[in-house]
Protein chains: 2
Amino acid sequence: MAGRKAAAPDPARSLALLWGSHAKPGRSGLTVRAIVDAAIELADAEGLEALSMRMVADRLKVGTMSLYTHVPGKGELADLMFDRAYGDLYADADEPSKQPGGWRGALEFIARRNWEILTAHPWIHEVPTMRTALGPNITRKYEAELRPLDGLGLTDVEMDSALALVLTHVQGTARAGAEQLRTQRDSGLTDEEWWRQISPTLTTVMSGTHFPVAGRVGTAVGEHFQSVIDPAHALTFGLTTILDGLAQLIESRSAVE
Amino acid sequence: MAGRKAAAPDPARSLALLWGSHAKPGRSGLTVRAIVDAAIELADAEGLEALSMRMVADRLKVGTMSLYTHVPGKGELADLMFDRAYGDLYADADEPSKQPGGWRGALEFIARRNWEILTAHPWIHEVPTMRTALGPNITRKYEAELRPLDGLGLTDVEMDSALALVLTHVQGTARAGAEQLRTQRDSGLTDEEWWRQISPTLTTVMSGTHFPVAGRVGTAVGEHFQSVIDPAHALTFGLTTILDGLAQLIESRSAVE
DNA sequence: AGAGTGTACCGTACATTGTACGGCTCAGGT
DNA sequence: ACCTGAGCCGTACAATGTACGGTACACTCT
């Protein structure tokens with residue numbers, strides 16, 4: 001990162017911003033809300049790294065430093081963006097716990113919804129989430145996602161672990177997908193063209209040593225997906241496997257009960 | 001990112017560097033090897049983002065631009081660092097497939113080894129891995145990790161998916177742990193102090209709405225781990241669950257056979 | 001109505017980044 | 001002895017986040 005050291009965001013300040021009511025437009029109509037919205041719009045297109053305070057200010061027709069009246073810095077802005085992105089993840093109508101298919105259906109629903117957010121806003125992967133974990137929307141999300149796991153005989157810690165497992169999987173897979181897309185876009189090459197370009201160099205260079213299993217499997221994967229990875233497939237394969245594993249745990253718990 | 005646009009690394013150039021033999025010291029003793037080593041040492045301490053070309057050059061007592069004689073840019077340097085970090089992941093003695101406990105033991109071993117690398121070199125999380133997937137060490141790693149899944153009745157694609165699932169889990173969990181550590185270090189606060197600092201603001205602000213399940217579970221987790229997450233626990237919980245799920249798949253396949 | 005005050009707004013300045021460009025210096029071949 | 005090419009590097013530039021200090025407006029109090 002360039003520029004001044006960007007002194008680590010003050011957690012208390014972030015929290016106040018996150019939960020505060022920022023309904024005071026000021027004399028040029030500038031709002032925290034408007035800033036966050038503009039930033040999200042820009043980040044959706046180019047990523048968090050490429051997003052600059054100047055760009056946000058320009059889009060709002062406002063001096064760069066005016067942003068700092070409403071937001072302490074880029075870090076805190078990212079926190080706000082993060083929380084807002086999860087704003088209306090679950091409308092009342094589609095609460096996970098009201099989904100068909102019991103806990104399993106609910107977790108599948110949760111995974112799909114998170115996947116959607118993550119692919120719509122790939123910059124989320126660049127936000128350090130640890131300190132943000134307590135924004136209003138995130139908390140609401142946590143509550144909604146935990147609910148379908150309640151009353152199955154799991155301990156509280158197990159409930160949290162199970163949910164975290166699913167979410168980590170979704171996030172990791174979505175991240176890989178986002179990276180793939182960004183790499184493609186940056187290089188202007190499709191996955192297939194890229195492969196075709198490096199293939200000769202590779203075979204030349206790999207001729208010395210050889211990798212029987214890796215070669216066979218890698219080729220199979222490449223032919224099957226026309227790419228080195230297929231995020232959508234990875235998502236469902238992993239989710240199925242994880243849910244199968246969780247089913248065993250839940251069964252063992254309810255047997256005891 | 002600041003500075004000139006850092007034009008997306010040329011894949012072919014990266015590949016050549018990755019597989020080439022760079023044993024020509026030049027007149028000031030500067031080597032690709034030495035550069036990569038220095039960069040890794042610095043990144044281990046401060047992360048990839050904080051690592052600058054100037055820092056690397058200074059540590060090697062060399063002008064900044066001299067680095068560019070050996071390495072096309074920071075992106076490609078990261079690629080090299082990535083591949084090198086996995087350099088001696090598996091010595092001959094401890095090939096995963098020779099581990100006790102069958103495929104399950106092997107996958108546990110693989111998970112643990114990857115975890116070790118990831119916690120020793122947290123900057124790995126910042127490297128865009130998509131284009132690097134084909135360095136010599138990475139390929140060797142892929143081969144070694146695939147082998148224990150061979151001959152179990154899984155299709156080639158399933159073998160790849162199963163491995164990717166485990167690795168994604170390890171990586172996601174390790175990333176969360178790394179973020180936690182970094183946040184702590186940056187703020188100078190331990191997780192507990194941090195909690196104590198924001199707790200009052202939080203309870204004040206959460207009094208309006210309330211979150212029954214989230215509150216209960218969150219509290220339980222906090223008390224159990226003295227933190228909001230415990231990466232080590234998440235790792236083993238997730239791994240167990242995933243392996244249980246994979247066991248079902250493998251059983252169903254060998255039943256047909 | 002007039003004076004005073006706080007806050008929104010913003011122009012400028014600075015440190016820091018990656019790297020393009022062009023020059024210098026030396027090893028090795030002829 | 002001289003040329004050539006490659007290793008080395010000093011300088012310059014565009015871009016970043018944000019500290020600092022100033023300006024102008026909305027409000028309260030007299």
Side-chain angles (χ1 to χ4, degrees), chain A residues 1-10 13 20 22-35 38-39 42-43 46-81 126-128 186, chain B residues 1-10 13 20 22-35 38-39 42-43 46-81 126-128 186:
Chain A
M1 179 90 68
R4 264 304 201 277
K5 263 174 299 196
D10 177 11
R13 186 95 175 78
H22 332 281
K24 331 124 189 179
R27 77 170 175 273
S28 90
L30 200 50
T31 342
V32 176
R33 171 108 192 195
I35 294 174
L42 291 171
E46 299 282 358
L48 232 202
E49 184 108 332
L51 174 83
S52 79
M53 296 305 254
R54 278 170 245 259
M55 286 170 61
V56 177
D58 282 1
R59 162 169 292 242
L60 293 170
K61 313 253 195 188
V62 147
T64 308
M65 292 314 289
S66 305
L67 302 180
Y68 286 85
T69 306
H70 302 265
V71 161
K74 196 183 182 184
E76 290 84 351
L77 175 55
D79 286 352
L80 293 170
M81 292 165 66
E126 303 175 51
V127 182
D186 284 359
Chain B
M1 179 87 68
R4 264 305 202 282
K5 261 172 300 196
D10 177 11
R13 186 94 176 78
H22 331 282
K24 331 125 191 176
R27 78 168 176 272
S28 91
L30 202 49
T31 339
V32 176
R33 169 108 191 195
I35 294 174
L42 290 171
E46 301 281 356
L48 231 203
E49 183 106 336
L51 175 83
S52 79
M53 297 304 256
R54 279 170 242 261
M55 287 171 59
V56 176
D58 283 0
R59 163 169 292 244
L60 292 170
K61 314 259 197 185
V62 147
T64 307
M65 291 314 288
S66 305
L67 302 180
Y68 286 85
T69 306
H70 302 266
V71 162
K74 195 182 183 185
E76 289 84 350
L77 175 55
D79 286 352
L80 292 171
M81 293 166 64
E126 303 174 52
V127 182
D186 284 359

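Both backbone and side-chain heavy atoms feed into the values below; hydrogens, waters and symmetry mates do not.
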> Taking the side chain from B:Glu126 and the backbone from B:Gly47, do they hold a donor-acceptor pair closer than 3.5 Å?
Replying inline: no
> NA contact type, A:Leu51, heavy-atom cut-off 4.0 Å: base, sugar-phosphate, or nothing?
Replying inline: sugar-phosphate
> Which nucleotide, C:dA8, D:dG17, C:dT17, lies nearest any side-chain atom of A:Met53?
Replying inline: D:dG17
> Whole Å only: how far is the CG atom of A:Leu67 from the P atom of D:dT18?
Replying inline: 11 Å
> Starting at CG of B:Leu60 and ending at C1' of D:dG7, how long is that distance when rounded to a whole Å?
Replying inline: 15 Å
>> Nearest to the side chain of A:Met65, heavy atoms from C-beta on, is which of C:dT12, C:dC9, D:dG17?
In response: C:dT12
>> Tell me the interatomic distance from B:Ile35, atom CD1, to D:dC9, atom C1', rounded to whole angstroms.
In response: 13 Å
> Atom OG1 in A:Thr64, atom CE in A:Met53: separation rounded to 0.5 Å?
Replying inline: 9.0 Å
> Can you find a side chain N or O atom of A:His70 that sits less than 4.0 Å from OP1 or OP2 on C:dT7?
Replying inline: no
>> If you assign A:Ser66 and B:Tyr68 each to the DNA chain C nucleotide with the nearest heavy atom, which residue ends up on the more 5' nucleotide?
In response: A:Ser66
>> Whole angstroms only, please: what is the CZ-C1' distance between B:Arg54 and C:dA15?
In response: 11 Å
>> Determine whether A:Ile35 and A:Val32 satisfy the following criterion, side chain to side chain contact (heavy atoms under 4.5 Å, CB included), listing intermediate values before the conclusion.
In response: CA-CA 5 Å; A:Ile35 294 174; A:Val32 176; 5.7 Å; no
> How far does CZ of A:Arg54 sit from CG of A:Leu67, to the nearest 0.5 angstrom?
Replying inline: 11.0 Å
>> Which residue in the set A:Val71, A:Leu51, A:Val62 passes side-chain contact (heavy atoms from CB on, under 4.5 Å) when paired with A:Val56?
In response: A:Leu51
> Could you give the NZ-to-P distance, from A:Lys74 to D:dA15, as a whole number of Å?
Replying inline: 15 Å
>> Can you measure B:Met55 atom CE to C:dT16 atom P for me and round it to whole angstrom units?
In response: 12 Å
> Whole-Å distance between C:dT16 P and A:Glu49 CD?
Replying inline: 19 Å
> Which whole-number value in Å describes the distance from B:Asp58 CG to D:dC8 C1'?
Replying inline: 15 Å
>> Can you identify which nucleotide, out of D:dG17, C:dT19, C:dA8, has its nearest atom closest to the A:Ser52 side chain?
In response: D:dG17
